[in-house]
Amino acid sequence: LSKLPDELSLDPQDWDAFRTTAHAALDQAIEFLKTVRQRPVWQPVPAQVRKAISEPAPQLGSSLDEVYKQFRETILPYPTGNIHPRFFGWVHGAGLANAIVAEMLAATMNANCGGRDHAAIYVEQAVLTWFKELFKFPSTSSGLLVSGSSMANLVGICVARNSHADANVRSAGLQNYSRPLVTYASSETHESVVRAVEVLGLGSASLRKIPVRADFTMDVQALREALKADRLAGAEPFCVIASAGTVNTAAIDPLDELASLCQQEGLWFHVDGAFGALAYLTDTMRPRLKGLERADSLAFDFHKWAQVQYDAGCILVRRGDLHRAAFSMRPAYLEIMPRALGGGENWPADYGPELSRGFRALKVWFAFKELGVQKIAQIVEQNCQQARYLGQRILREPSLELLAPVSMNIICFRFRPEGLSADALDRLNSDIVADVQEAGIAAPSTTRILNRLAIRVNITNHRTRRNDLDILVDAVLYKGQDRLAAANAGDPERK
Ligand SMILES: *Cc1c(COP(=O)(O)O)cnc(C)c1O
């Protein structure tokens, strides 16, 4: 008998050594988070570090200690910055300490959450049930945790498309569909909505961008007219996509009015509530989001205003049967078993495009179990108060200009000294944002409001204090005046 080779396992050969490294990593992770305020918000990744990270595939391994050491030196010091109290860019959540534990435990279980009968599936169902109730959706509605609102918008609009009468999209596609299918959203809608209609084969030209009013919310009268014009022209409207918190200014479309209009017109009502839907959890903001509970599908994120770690978003669909009908596939190898592991009723794979999925629900479950809905809602409330505080400070500063009304948690403003052309102002404000980021002081981002470059401050951050907003304003003023002085002195470095 020939000798069989020794068999290999990838588990640590020395569990005690593994334990020592793992404990050190955990301790240092906790220390890193605890001291975040003492570090710059962001710093660029130096060229030699980028080089070190992009080495070729290691044919032979090294010790865990070695790998961890490289992580500590080349990766950990250069985060996006969103865990920092003065990160105000885009719409990023700050994350929670408890996720350090939750993510470690999810990795330990390494559950495959496509389906089958095990605890992780029930955790996801529990989280979905919480949010169906919080958003006043019926118990017969369905949902799925996804990577974020981009995917949630895609899934929601896909169910809308597939449920649309006569379309028979699952087998026939849109190859021979007789009339153009048309969707509607405001001109302030997020690009992920555009991408969703592209991916779904509807074409971005079929998405009508409805103009907004002075407060950046959808002009419903303009929507009515567009619907009429499209029908006259032989097109087939099927879906309206409202924003509950636009990405530029946190404007809330008139959800209740749009829900009624969709009901009258037989249209699917999808709400993109990526961050803004969370404001529905607060008593003060809920009235402004009235109508959200009437959505046929609702997309929102846990990783933004709910502070859960990336990535975690969610889609809820009012008609669970339509949601399932849009995605369910049961080939022989996924046939449901009457008992044991192949059983269980709600397989997430029946509700979206993915089969294998991680245990995303655990960090959401940890976040809400430890903190409670009320405390997370308090942070939403606090961030809105902080936004109003910042708005008032900007109004008091003669060289600053507020560019949009403060709706919830986003402020758009600019440094506006006398005597500069519109283009020069745009360049100056863009430079100020880059200066403030590079100095590591704060991280606002930019956008355009009525085509003028704005310094955009988004507050979805439980670590932010009012004083951090003052530090930001002081830095903008300082950098702005510094640049003006340099330009006046003819400094060639600072044009
Ligand atoms: C962030 C955002 C999205 C996209 O969500 P992701 O989680 O980044 O995929 C969609 N809509 C709005 C309004 C957003 O703010």
Side-chain angles (χ1 to χ4, degrees), residues 80 82 87-95 131 143-158 183-200 204 207 209-210 212 215-218 239-253 255 258 270-280 285 288-289 292 295 297-316 352-354 357 360 363-364 367 380 383-384 387 404 407-412 444-449 454 456-461:
T80 323
N82 51 311
F87 188 95
F88 306 121
W90 306 276
V91 186
H92 284 18
F131 281 85
L144 185 72
L145 295 199
V146 290
S147 55
S149 285
S150 302
M151 183 57 92
N153 283 331
L154 178 69
V155 170
I157 300 167
C158 183
T183 52
Y184 302 81
S186 90
S187 56
E188 291 288 299
T189 199
H190 192 268
E191 284 308 306
S192 60
V193 168
V194 180
R195 188 142 52 189
V197 299
E198 286 179 1
V199 171
L200 291 169
S204 53
L207 174 66
K209 297 268 191 89
I210 304 300
V212 291
D215 61 357
F216 299 98
T217 63
M218 196 192 291
C239 179
V240 172
I241 299 139
S243 302
T246 60
V247 65
N248 275 336
T249 67
I252 305 165
D253 285 336
L255 303 177
L258 289 170
H270 176 80
V271 174
D272 175 5
F275 63 94
L278 270 292
Y280 198 84
M285 307 289 285
R288 292 190 52 211
L289 290 155
L292 180 121
S297 49
L298 169 64
F300 66 98
D301 278 321
F302 293 113
H303 59 212
K304 288 176 175 173
W305 230 349
Q307 311 295 331
V308 174
Q309 254 72 353
Y310 287 96
D311 45 21
C314 187
I315 179 74
L316 293 181
E354 295 175 322
R357 308 158 66 246
R360 201 173 261 143
K363 60 195 173 188
V364 184
V380 171
N383 286 161
C384 292
S407 167
M408 283 198 280
N409 59 323
I410 296 177
I411 281 90
C412 290
S445 59
T446 61
T447 191
R448 284 186 177 267
I449 300 294
R456 181 176 162 290
V457 179
N458 162 79
I459 318 174
T460 42
N461 191 329

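Atoms within each ligand, like the ligands themselves, are counted from 1 in listed order. These figures come from a predicted structure and were not determined experimentally. Values reported hereafter were calculated over all heavy atoms of this structure, with side chains retained and with hydrogens, waters and symmetry mates removed.
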Asker: Going by the atom numbers of ligand 1, which of them fall below 4.0 Å from some non-hydrogen atom of Phe275?
Answerer: 15 (O)
Asker: Could you tell me the residue and atom name of the protein heavy atom closest to atom 2 (C) of ligand 1, and the distance to it rounded to 0.1 Å?
Answerer: Lys304 NZ, 2.3 Å
Asker: Would the distance check show the side chain of Asp253 and the main-chain N or O of Ser243 forming a donor-acceptor pair, the cut-off being under 3.5 Å?
Answerer: yes
Asker: With a 6.0 Å cut-off (strictly less than), is the heavy-atom count around CZ of Arg195, excluding the residue itself, greater than 12?
Answerer: no
Asker: Checking the side chain of Ser186 only, and the main-chain atoms of Val212 only, is there a donor and an acceptor separated by less than 3.5 Å?
Answerer: no
Asker: Please check if any side-chain donor atom of Asn409 sits under 3.5 Å from a side-chain acceptor atom of Trp305, or the reverse.
Answerer: no
Asker: Side chains of Ser147 and Asp311: do they bring a donor and an acceptor to under 3.5 Å?
Answerer: no
Asker: Considering only protein heavy atoms, which is closest to atom 9 (O) of ligand 1, and at what distance to one decimal place?
Answerer: Ser150 OG, 2.6 Å
Asker: Under 3.5 Å, is there a donor-acceptor pair linking the side chains of Thr217 and Asp215?
Answerer: yes
Asker: Taking 4.0 angstrom as the limit and counting only heavy atoms of Ser192, give me the atoms of ligand 1 inside it, by number and element.
Answerer: 10 (C)
Asker: Can an N or O of His303 be found at a distance shorter than 3.5 Å from an N or O of ligand 1?
Answerer: yes
Asker: Does the plane of the ring in Phe87 sit parallel, tilted or perpendicular to the ring in His92? Use 30° and 60° as the thresholds.
Answerer: parallel
Asker: Is the distance between the ring centroids of Phe300 and Phe131 under 6.0 Å?
Answerer: yes
Asker: What protein heavy atom lies closest to atom 6 (P) of ligand 1? Include the residue and the distance to one decimal.
Answerer: Ser149 N, 3.5 Å
Asker: Can you pull out the closest protein heavy atom to atom 11 (N) of ligand 1? Residue, atom name and distance to 0.1 Å, please.
Answerer: Asp272 OD2, 2.6 Å
Asker: Does ligand 1 have any atom that is closer than 4.0 Å to a heavy atom of Gly245?
Answerer: yes
Asker: Checking a contact table here: which protein heavy atom is nearest atom 12 (C) of ligand 1, and how many Å away?
Answerer: Ala274 CB, 3.3 Å
Asker: Need the ligand 1 atom indices (1-based, order shown) with element for anything under 4.0 Å from a heavy-atom of Gly148.
Answerer: 7 (O), 9 (O)
Asker: With a cut-off of 4.0 Å, which atoms of ligand 1 are near a heavy atom of Asp301?
Answerer: 5 (O), 6 (P), 7 (O)
Asker: Below 3.5 angstrom, do we get any N/O pair linking Ser147 and ligand 1?
Answerer: no
